[in-house]
Structures are given as structure tokens and as C-alpha cells.
Amino acid sequence: QVQLVESGGGLVQAGGSLRLSCAASGRTFSSYYMGWFRQAPGKEREFVAGISWSAGGTLYADFAKGRFTISRDNAKNTMYLQMHSLKPEDTAIYSCARRSGILTSRLPRDYDYWGQGTQVTVSS
């Protein structure tokens, strides 16, 4: 069984930064594509960023490009999302997820394990 636990969320002013972490259990973390998603109240879950197993390939949603950076440390079974220049519209619950495979995907249905999420609130 795989468990994903996010941390690092909180309340920040617009323009501020946060670093989210996703700690994974299980020895197969390094074999899978991983992603960050977010869901704001009343909105559908949306893709934020993804990273290949080797960290050699990353993918970002348009709103994340230039502001967010995804990374992973397979030795620590941990993935990160560094967020800068945060905006009020970034307010959401951020969740990490494990792709059921190694290929890139922006679709939530292609991810089989999810964390419980961490709240990010950006005040104006």
C-alpha cells in the first residue's frame, strides 16, 4: 500500500512563497511519475505540475510556469512544489498523486494514489 502525505501549506500574503512536500511510503516511489494537483472550492481538480521518475522531465500547467517548481528526492521518497509569487487565485487544497505508470499525464484519472491534501490560502 502506498501512502502520500502532504505538508507545507498555510496562509501567505500575495506575492509570498510556500514550499509543499509530499512524503511517500513504499519502496517503489522512484519508479513512478508523480504529480501535484489542486482544487479550489466549487471548482474541479486541476493539474499543477508533474515530474518523471528520474526528475529529468517536468510538466507545468500554464498558470504554474515561471512561478512554481516541482522536484523530487527519490532517496528521501519525497516530492516538492516550490511556489513563488503566489496569488489569491492560487488558493486551493493541493494534493500530490502517484501516476499509475511512468508516462506523463495531466489527467486525475491516470493517478492511482492520492494524499489527503494541504490547504494553501493566499490573502490579497
Side-chain angles (χ1 to χ4, degrees):
Q1 187 75 7
V2 175
Q3 286 189 323
L4 304 173
V5 180
E6 302 92 339
S7 62
L11 174 63
V12 63
Q13 289 187 334
S17 300
L18 283 174
R19 188 194 195 203
L20 306 183
S21 298
C22 171
S25 65
R27 293 176 291 179
T28 59
F29 173 80
S30 61
S31 302
Y32 291 87
Y33 191 91
M34 298 290 294
W36 284 100
F37 291 79
R38 71 183 187 183
Q39 187 166 22
K43 295 187 177 181
E44 293 187 352
R45 179 178 284 168
E46 63 178 346
F47 175 80
V48 177
I51 187 166
S52 66
W53 69 272
S54 65
T58 57
L59 181 67
Y60 294 93
D62 287 344
F63 64 79
K65 291 178 182 177
R67 298 192 299 130
F68 295 0
T69 301
I70 189 171
S71 62
R72 67 191 294 170
D73 185 338
N74 289 336
K76 296 182 178 179
N77 276 9
T78 303
M79 179 175 67
Y80 306 96
L81 185 68
Q82 178 69 57
M83 303 185 293
H84 295 296
S85 302
L86 284 163
K87 306 173 182 180
E89 51 264 44
D90 293 319
T91 295
I93 295 175
Y94 285 70
S95 300
C96 62
R98 192 192 79 168
R99 168 86 163 95
S100 53
I102 61 173
L103 300 179
T104 301
S105 176
R106 299 172 181 262
L107 302 176
R109 66 170 182 258
D110 289 334
Y111 291 75
D112 55 1
Y113 287 98
W114 293 81
Q116 83 289 349
T118 185
Q119 176 71 47
V120 171
T121 303
V122 184
S123 62
S124 57

pair Gln82-Ser17: side-chain heavy atoms closer than 4.5 Å: yes
Over 12 non-hydrogen atoms of neighbours within 6.0 angstrom of CH2 in Trp53: no
Ring geometry between Phe37 and Tyr111 (parallel below 30°, tilted from 30 to 60°, perpendicular above 60°): perpendicular
Distance (rounded to the nearest 0.5 Å) between Arg72 CZ and Ser21 OG: 13.5 Å
Listed once per pair and sorted, the salt bridge (Lys or Arg N to Asp or Glu O under 4.0 Å) pairs that draw on residues 43-60, sequence neighbours left out: Arg38-Glu46
Side chains of Tyr33 and Leu103 in contact at under 4.5 Å (non-hydrogen atoms): no
Leu81 vs Val48 side-chain heavy atoms within contact, under 4.5 Å: yes
Considering all heavy atoms, the nearest Arg106-Ala61 contact: NH1-CA, 3.9 Å
Distance-only polar pair, side chains of Asp112 and Ser100, donor-acceptor under 3.5 Å: no
Value rounded to 0.5 Å, distance of CE in Met34 from CD1 in Ile51: 10.0 Å
Separation of Ser7 OG from Tyr94 OH (nearest 0.5 Å): 15.0 Å
Under 3.5 Å: donor-acceptor pair, side chain of Glu6, backbone of Gly117: yes
Expected output: side-chain Thr91 to main-chain Thr121 donor-acceptor under 3.5 Å: no
Intermediate values then yes/no, side chain to side chain contact (heavy atoms under 4.5 Å, CB included), Phe47 and Leu107: CA-CA 7 Å; Phe47 175 80; Leu107 302 176; over 6 Å; no
Spacing of Leu20 atom CG and Thr118 atom OG1 [to the nearest 0.5 Å]: 6.0 Å
Test item: Trp36 side-chain N/O and Tyr80 main-chain N/O as donor-acceptor pair under 3.5 Å: yes
Interatomic distance, Gln3 atom CD to Asn77 atom CG [nearest 0.5 angstrom]: 12.5 Å
Approximate separation, where rounding is to 0.5 Å, of Ser52 OG and Tyr32 OH: 15.0 Å
With Ser123 via side chain to side chain contact (heavy atoms under 4.5 Å, CB included) - residues at least two apart: Leu11, Gln13
Gly115 versus Ser95, closest heavy-atom pair with distance: O-OG, 4.2 Å
Val2: side chain to side chain contact (heavy atoms under 4.5 Å, CB included) partners, not counting sequence neighbours: Leu4, Arg98, Tyr113
Cluster link Leu18 to Phe63, ILVMFWY, side chain under 4.5 Å: yes
Val12 vs Met83 side-chain heavy atoms within contact, under 4.5 Å: no
Side-chain touch Met79/Ile70, heavy atoms, less than 4.5 angstrom: yes
Donor-acceptor contact below 3.5 Å, side chain Asp90 vs main chain Val122: no
